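Have a look at the structure below before the remarks.
Computed from a prediction, not measured in an experiment: that's the story for all the values here. First the proteins, then the strands, lettered A, B, ... as listed; each starts at 1.
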Amino acid sequence: MQLTFDADVEAFRAEFVDFLDKNLPRESEATQRSRSSADIPPWARHWQRVQFDAGWLLPGNPPEYGGRNATLLEQYVHQMELSRRRLSASFNPQGLGIIAASLLSFGTAAQKRDWAVPILRAEITAALGMSEPGAGSDLASLRTRAQRDGEDFVVNGQKIWTSGAHDADVILTFVRTDPDAPKHRGISVLLIPTDTPGVTRRPFGTLLSPNDLDFNEVFLDDVRVPAANLVGDLNQGWAVANGSLGHERTLLWMSFAERLEDLTDDVQPTSALERDRFATLAMDAQALRLLGSEALARAARGEADTPSLSALKLLGSESVQTATEWALEAAGADALAHPARTAPESPFHHDSYGAGWFSRYAHSFAGTIAGGTSEIQRDIIAGRVLGLPRG
Amino acid sequence: MQLTFDADVEAFRAEFVDFLDKNLPRESEATQRSRSSADIPPWARHWQRVQFDAGWLLPGNPPEYGGRNATLLEQYVHQMELSRRRLSASFNPQGLGIIAASLLSFGTAAQKRDWAVPILRAEITAALGMSEPGAGSDLASLRTRAQRDGEDFVVNGQKIWTSGAHDADVILTFVRTDPDAPKHRGISVLLIPTDTPGVTRRPFGTLLSPNDLDFNEVFLDDVRVPAANLVGDLNQGWAVANGSLGHERTLLWMSFAERLEDLTDDVQPTSALERDRFATLAMDAQALRLLGSEALARAARGEADTPSLSALKLLGSESVQTATEWALEAAGADALAHPARTAPESPFHHDSYGAGWFSRYAHSFAGTIAGGTSEIQRDIIAGRVLGLPRG
Amino acid sequence: MLFEFDSDQRLLRDTARDVLAKECPPALVRDVAENGADPGPLWRTIGELGWTGLTDPAEMVELGIVLEELGRAVDPTPFLATSTQFTPLAPDAALAGRPAAAVLAGITARRDGEGWVLSGTASGVLDGDRAALLAVVTDAGVFVVPASAAAVTRTPVFDPVLHVAEVSLTEVRVSGSDRGVADPGPAREIALTGLALTMVGACQRIFDLALDHARTRRQFGVPIGSFQAVRHKAADMHVALVRARALAYFAALTIAENDPRRRLAAAMAKAAAGECQSLVFRHGFQLFGAMGFTWENDVQFALKRAKAGALMLGTAAEHRSMIAEEFHAAHL
Amino acid sequence: MLFEFDSDQRLLRDTARDVLAKECPPALVRDVAENGADPGPLWRTIGELGWTGLTDPAEMVELGIVLEELGRAVDPTPFLATSTQFTPLAPDAALAGRPAAAVLAGITARRDGEGWVLSGTASGVLDGDRAALLAVVTDAGVFVVPASAAAVTRTPVFDPVLHVAEVSLTEVRVSGSDRGVADPGPAREIALTGLALTMVGACQRIFDLALDHARTRRQFGVPIGSFQAVRHKAADMHVALVRARALAYFAALTIAENDPRRRLAAAMAKAAAGECQSLVFRHGFQLFGAMGFTWENDVQFALKRAKAGALMLGTAAEHRSMIAEEFHAAHL
């Protein structure tokens, strides 16, 4: 056990801090906000490209893909420095973390060149087409079908919760290519440009506002997609899902740690009861960071232990929910106002800290629902960590 | 809705208060405590007989059985006056509430004379033999068997959790008399004097102390019981269980209301956090009393609604547990001492208020486990009150 | 104590529920939220039903019954402010059919000859932007002024159907005869109890929708309501609801009978409604899953009404603090 | 930060666990509780294993590993008081193999010529009745006195294996050279962290037994561990445990590295252990059902150790209050 990282990791951190000090845009240049998770304002496109070119966008990548072949621990301190400053590497986070990452793992050379690099360089943005109505994110019951027809696939079906689709240039779409194969076999992945005929995107509002548009329904009616847009092998979509998407999930705890740390800054207790609650928040934040760093140490040794990450997700997401609810209550009638500032707006982060405690509390449910609900996490812990029998 | 009872009920209350003022023993006469729920000290035997003779022991009974044919609401104010003063009508509560009550409902004239009246007059004490090892209080899986042999039944089997058995003169025992009948059919009830050959009682300690003896294992080896001791009809034990025992359960909420009200007296908050918790306790106590009085009003109209009582049991038992845990924590290191006084000892109540917060907290688990665990209450509410489908 | 509705009260509840199912369906609430539709017709119906006439504190239980049902329907009218905030402060000034509001803090009164001069700014005034009359609480007593004398700005709040306003009075001259009750305490208890019952109604609506969802939505081939985790959450929501409802009607009853416990009981009502809201909001939202996060799902309106209620007139924690201090004094 | 045991630490943990399974089985604990059996042989084993030599704060993580395993075994020896309360206050006075305790409050020191005179009564002194030496904290510093100089009475406590005593000093004269460290703060952080790890161990034992019970006990024809209500309770207990363990070892690490966050970290460790204990005690007891209520079930010893730990050296609520005040200062 050690409180600090080894010197080489700390040197890496110092180099990145220096880069940020020299290159981060001034706040006055960064006034335009993004309107969805696939909408990058011009200044942010430029800033993303600066990071790409310097090898700081995704340090774990090789230089030609915006990185510098950094180790896992180096990637971790990179992320910590970003979050400490409330910076997002990209305003199209799923483009970076899922779509480009999947292409770099499973795509052809042409796909990397034509799609991954433009996404990484913020020339285009991307969305993920996975969930379907009635099935949640349960890939096994996927119903959107793609049939081979000459050099194309013809896609029919419907996606939902497709974040940012209406602003995205391309959707990485999971489709069923073998309807007779059982459950998760027979699934493939296609890159579908959103301007393809037959693609209809309907963004819909959240409970916060009918104009708060990120979620989409995407209707796919006889959409012709060139076979060259197949990502990975035919009927091997499950592997793609478990690849970068699985990787994304192993890092999910980090986003909760960041939110908890943000909350320890943004919540100002003013009574004994609020201080009592604040202490719980501070302990949760610290515990999550500790448990996460333990998981990271395991991962750095190549020892993956996915079920144990469920405890981190559960702790993090539930704690964010509890803390934001407390903060909302503590703010009292002032928190009715909508939107209301709860923290200085961070122009460099895709989360909106200024949207009010009600909004921050409501958003906390994304944490306890998406990526496997808290109930599913508890089931995983009970069964796969503790070895209790299934019901 | 009305805040007070009608004048006749209030007059009844005043009469009882007058009786108490004139007849309750002085504390100096009541120093000897009972050691189990079937051990009545001499002074308490006398006091129980005074209540019996005056028709105040169980006011709902006819005069020959210690009552005055009181209405349900009159019985309720009688109980409230007892609990307000921390009085128990009897130190053999199951003798009164379950065994004598069952005999009065289902017994023969001879059983009423020879067993019920002596129990009510505190000449003898009684225990309830229902639970068995491995089955909890699930009557359907009862295994103790009684076979007819001439004028006797011959009983073999084992009971557990038989409160007070080692001090009781008689055990109202549930036995299987028809091994071929399904589940809860084929069960009968026998009065088994504890001095019958073949009856072995083994009291065992609670986690509080190996000398805290109320629970018993009762072994029944070829115990010969006269057929005259059969209570109710052969193979109709289920009706007996649902009779006075069922009635007892419908009044279970009252014991929790009393404990919560006791706690509002005994807990003294000294910090903002403790005051916050105290308020929850006070609200729970008040809410339970309100909900109980609503249930009582329904019952007085003859409208039984057993599933709805699960919410009362759940609220009451969980609240007692939460409040006693808070009280234990609030007492801090002082609460280590064992036993430690947490409230003035009430010489007239079978509960020991002086046993320390750890003990009061530990006892709270009897509330969340016995009479259907909190988990079972939640299942009942979900299924029978809310109509959710079974899993 | 006999804590049960009598037959008249049951009839009132059933009638209110039936009428509101027709006159204030989810579609109306959505239309108000999305298109600013006029809730005037519903307001007139409420008047015709005689609910605006429930102004005698002795009828607080009946008013409470109506408020619970209106809470369940996410009432878009100014009934709550009119009946539980304005009228108790100015019982003689109530105008049949005219919406009115109360300005509870922020205004000072200065003596000026025979009259008074009112000045100040109050924020968070419920329905302040659509009231005809304002009951203004000052240290010198309660004054009734026409809303036209005030500068009023509606505040955007997260409950899109709720009206909350900032109200400014600048040197508004009023006569001594406009001065009403001196002690706003009893009126505050009515306001707290009324808001608590509104919240109980909103929570009941969340719960109704969540139960429907649990019965119909299927996962892994079975209704999600058959999972023990969902069943137990539902049971806990039920207990929180019956607890909050009992304490709210108890407060109403103490007001109706002018019982000395009314101050404590009103604090308990508001605190319990807040706690109920916390649990029902959280479990209810979670149970809906992603569906609950959309503008298109009607549960949002009840969620927001319940949460807004929890934040107004003091949170549960604030009321609990008061309860602990007053409990022994009230000898409940 | 790399928050993972190294291979030496893992070896120490495994060794401690194996040794204690043999040398401190449930039967020994029960024998001590029921018959006053002498834990002396175990105490000597602990010495032979070198655990009493873990006196350098730099070895706090290693000491913590040992304490967690001893907590899991419900250690009946005076190791906790000796290693985490006495030794940090009087590092030079520690006598190999001799039990020792700390008197943290209640004693005053009066200057008398070259020496001092100690007087007062302290209650709740852990192992005060079986210590050879006492480290006495006073405003004038920490003094080491032989236990023979004090009048000592064991207090009956609900944990039947725990020794707690009342210690009285009456005009006990000590020389200036018996005066040790002036600031007991750093020692207190070791005591808090050690107690927290003991509690984590006891909670782990409750959890182990509860999981065994859930896997084997059947109801309605299936193991109760297959009910979602039980499964989810178990998951929540697991999370509480890993959270408390992480914060406790973090505190140990800050002590080992003399990091400025050690004061805050120790408070977090004790608070989290208390919260963990609260949940694990409650769920664990409930899961056992009536069986958990008997003297004959071994879970009682771990339940009582965990609860006693929560009450000593400040409760979770007291530490939370401190955490909130110091958080920003410590800039964790």
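- Comparing C:Ile323, C:Val222, C:Val61, C:Asp236 by how many heavy-atom pairs each has under 4.5 Å with chain B, the most go to C:Asp236.
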*Show the numbers, then the answer: is there a side-chain contact (heavy atoms from CB on, under 4.5 Å) between B:Leu3 and C:Phe250?*
CA-CA 9 Å; B:Leu3 280 174; C:Phe250 177 64; 3.5 Å; yes
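- Using a 4.5 Å cut-off between heavy atoms, B:Arg298 touches chain C through backbone and side chain atoms alike.
- Atom OG of B:Ser310 and atom NE2 of C:His238 lie 9.0 Å apart (nearest 0.5 Å).
- Using a 4.5 Å cut-off between heavy atoms, C:Glu4 touches chain B through backbone and side chain atoms alike.
- Taken from CG in B:Leu388 to CZ in C:Phe227, the straight-line distance is 12.5 Å, to the nearest 0.5 Å.
- For the pair C:Gln228 and B:Arg378, the minimum side-chain heavy-atom distance is 4.5 Å or more.
- Note: B:Asp284 leads B:Val385, B:Leu315, B:Asp284 in heavy-atom pairs under 4.5 Å with chain C.
- Of all non-hydrogen atoms in B:Met283 and C:Leu247, the two that sit nearest each other are O-CD1, 3.9 Å.
- Looking only at heavy-atom pairs under 4.5 Å with chain B, the residue among C:Arg320, C:Glu325, C:Arg215 that has the most is C:Arg320.
- Put simply, CE on C:Met237 and CD1 on B:Ile381 are 13.0 Å apart, with the number rounded to the nearest 0.5 Å.
- Looking at B:Glu375, the atoms closer than 4.5 Å to chain C (heavy atoms on both sides) sit in the backbone and in the side chain alike.
- Using a 4.5 Å heavy-atom cutoff, the side chains of C:Asp6 and B:Met1 are not in contact.
- Closest non-hydrogen pair, B:Leu290 versus C:Phe3, comes out as O-CD2, 3.6 Å.
- The minimum heavy-atom distance between C:Ala246 and B:Leu291, with the atom names listed, is CB-CD2, 3.8 Å.
- No more than 12 heavy atoms of other residues, nucleotides or ligands shown are found within 6.0 angstrom of CZ on C:Arg263.
- Interface remark: B:Thr264 contributes backbone and side-chain atoms alike to the contact with chain C (heavy atom separation under 4.5 Å).
- The contact between B:Leu314 and chain C is made entirely by side chain atoms (from C-beta outward), counting heavy-atom distances below 4.5 Å.
- A donor-acceptor pair under 3.5 Å links the side-chain atoms of C:Arg231 to the main chain of B:Asp379, judged by distance alone.
- In the displayed structure, B:Arg85 atom CZ is contacted under 6.0 Å by more than 12 heavy atoms of other residues, nucleotides or ligands.
- Looking at B:Val9, neither its backbone nor its side chain comes within 4.5 Å of chain C, counting heavy atoms on both sides.
- Taking C:Ala235, C:Ser321, C:Ala272 one by one and counting their heavy-atom pairs under 4.5 Å with chain B, the maximum is reached by C:Ala235.
- Neither the backbone nor the side chain of B:Ser308 comes within contact range of chain C; no heavy atoms are under 4.5 Å apart.
- Nearest heavy-atom pair, C:Ala324 versus B:Ala279, reported as atom, atom and distance to 0.1 Å: N-CB, 4.3 Å.
- Contacts between C:Ala244 and chain B at a heavy-atom distance below 4.5 Å are absent for every atom of the residue.
- When each of B:Ala382, B:Gly387, B:Ala285 is scored by its heavy-atom pairs under 4.5 Å with chain C, the top score falls to B:Ala382.
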